There are 2 protein chains.
Amino acid sequence: MEADKLLRKHNLRVTGFRKEVLALFNQRSAAVDSRTIEKHLQPADRVTVYRTLRTFEDSGIIHRIPDPTGAVKFALCNDGCNDLAHHHSHAHFHCNTCAMTICLDGHGQMPIDLPSGYTANDIQTIVCGVCAACNRAT
Amino acid sequence: MEADKLLRKHNLRVTGFRKEVLALFNQRSAAVDSRTIEKHLQPADRVTVYRTLRTFEDSGIIHRIPDPTGAVKFALCNDGCNDLAHHHSHAHFHCNTCAMTICLDGHGQMPIDLPSGYTANDIQTIVCGVCAACNRAT
DNA sequence: TTGTTAATGCAACAGTGTTGCATGTGTTTT
DNA sequence: AAAACACATGCAACACTGTTGCATTAACAA
C-alpha cells in the first residue's frame, strides 16, 4: 500500500520521515531493526526512530519479532492488524549465520497443551537455521 | 542433579557462587533473568552474573529464552545438552500480565515449510497469554 | 492563513551487557 | 601438604539500546 494511504488509514500524520521508514520496510523483504533504520536514513535521530517504531507498532502497521538472542526486529503487518489487536501467529525464520529474519506464512498452528488455568492468545514460532544465501556461501 | 555433580559433569569449577545460582534455578519453576539473580544473591556483581550465565549456557546447563518484548531469561536444560549442542525445540509460555515465563514440554513439533535452500536446526515456540495465577487475580 | 495538535530534535538519563586488569580461589601436581 | 597453575571473581570503565522532558518545527483542520 502507498505510504500516504497506509498512514492515513491508521490516523497518523504523514511526515517525510515516516514515509522514508515505510519505504525502507517495503524495499526489504527481511525484518529490520532500529540500527538499520538509523544508518540508512542518514540524518536520523535515534529517539525519532524509536518513537516511530513504537507508533507504528501500536497502530498495527508493523509487528515486533524477537531474535533468539534477545535482539528485536520489526516487519510490516498484513492487513488484519490495527491499534486494537495484532494478529501474528505466523512463524519467523532466523538465520544463525547472518542474523537475517523473515516472516514465514501460510501454515496452521500447532496444538499446544497448556497447564490448567492458563489461557493463550498468541503463539509465535521462531525457526532457527541457515538461510539460502548463507548455505550457498558455505 | 546435585549442583556439584552437574558442574563437574560439564568440566566447570565448583564455586560457591555457581552453586547458589544453580540452587536458585532449582527452586524456581519459572525462567530466571539476570536481574533476579543479582537481587536474590545479595552481594552479586553484575559482571559475574553475566559471565556465569554465559558459561552455563555455553556448557549446556541452561538455555536462553527470549521474551516477545526482547528481554532474555534462562532456564535449566534437560540432560540432552552439552557444549556442542543445545536441544530445545520445546515451547515456552509467557504471561503477558506478570511476565513470568515457563517451559512447556511434551509435545511434538509442527511441520514447517521453509523456502528452498533454507535449513532448520531448531524451532522455538513462544505461547503468550495469561497464567493461572493472573487469571485467578482478575 | 491562522491556530491547534502532533512530530521531531536535542540533551540528558537509565538499564543492560561487555572488556581489561588485578586479585582471589579451585584444582592439579609434586 | 605445599606450590603452581588456571580459572573465577570483583572493580572500574565503557558501549549499546532504549527512554523521558522540553523546546522547536511541521502537519492538518477550521
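Proteins come first, then strands; the chains are lettered A, B, ... in the order of their sequence lines, and each starts at number 1. None of the values given here were measured: they were computed from a predicted structure.
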What nucleotide among C:dG9, C:dG20, C:dT16 has an atom nearest to a side-chain atom of A:D45?
C:dG9
For A:H92 and A:H90, what are the C-alpha separation, side-chain angles and deciding distance, and is it a ring-ring contact (aromatic ring centres under 6.0 Å, His included)?
CA-CA 7 Å; A:H92 295 112; A:H90 65 265; 4.6 Å; yes
Look only at the side chain of A:D33 and the backbone of A:K73, and say whether a donor-acceptor pair between them is shorter than 3.5 Å.
no
Nearest-angstrom distance from the residue atom CG of B:D58 to P of D:dC7
15 Å
First of B:N11 and A:V72 reached from the 5' end of DNA chain D, by closest nucleotide
B:N11
Rounded off to whole Å, could you give me the CG-to-C1' distance for the B:L7 and C:dT27 pair?
14 Å
Measure from CG on A:L12 to C1' on D:dC28 and round the result to the nearest Å.
13 Å
Taking 4.0 Å as the cut-off, does a side-chain nitrogen or oxygen of B:T15 come that near to OP1 or OP2 on D:dC7?
no
Answer yes or no: does a side-chain N or O of A:Y50 lie under 4.0 Å from OP1 or OP2 of D:dG18?
yes
Taking OP1 and OP2 of C:dT18, is either one under 4.0 Å from a side-chain nitrogen or oxygen of B:R54?
yes
Base, sugar-phosphate alone, or nothing: which one does A:R18 contact when heavy atoms must sit under 4.0 Å apart?
sugar-phosphate
I want to check one thing: is the phosphate of D:dG10, taken as OP1 and OP2, less than 4.0 Å away from some side-chain N or O of B:R51?
no
Measure the distance from CG on B:L53 to C1' on C:dT18 and round it to the nearest whole Å.
14 Å
Will you find, in the side chains of B:R35 and B:H40, an N or O donor that is under 3.5 Å from an N or O acceptor?
no
Establish, with yes or no, whether the OP1 or OP2 oxygen of D:dG18 is under 4.0 angstrom from a side-chain nitrogen or oxygen of A:R46.
no
State which of D:dC11, C:dT27, C:dG17 makes the closest approach to the side chain of B:V14.
C:dT27
Separation of B:F17 atom CZ from D:dA8 atom C1', in whole Å?
11 Å
Roughly how many Å is it from CG in B:D4 to C1' in C:dT27, rounded to a whole number?
14 Å
Any N or O donor-acceptor pair linking the side chain of A:R13 to the base of C:dT5 at under 3.5 Å?
yes
Would you say B:I37 ends up clustered with B:V72 if hydrophobic residues are merged whenever their side chains have heavy atoms under 4.5 Å apart, either directly or through other cluster members?
yes
Tell me whether the side-chain N/O atoms of A:T52 come closer than 4.0 Å to OP1 or OP2 in C:dA7.
no
D:dA8, OP1 or OP2 - any side-chain N/O from B:T55 closer than 4.0 Å?
no
Rounded to whole Å, please give me the gap between CD in A:E57 and P in D:dG18.
12 Å
Using atom CD of A:E38 as one end and atom C1' of D:dC16 as the other, report the distance to the nearest whole Å.
10 Å
Reference residue B:T55; test side-chain contact (heavy atoms from CB on, under 4.5 Å); the match among B:R13, B:H10, B:R18:
B:R18
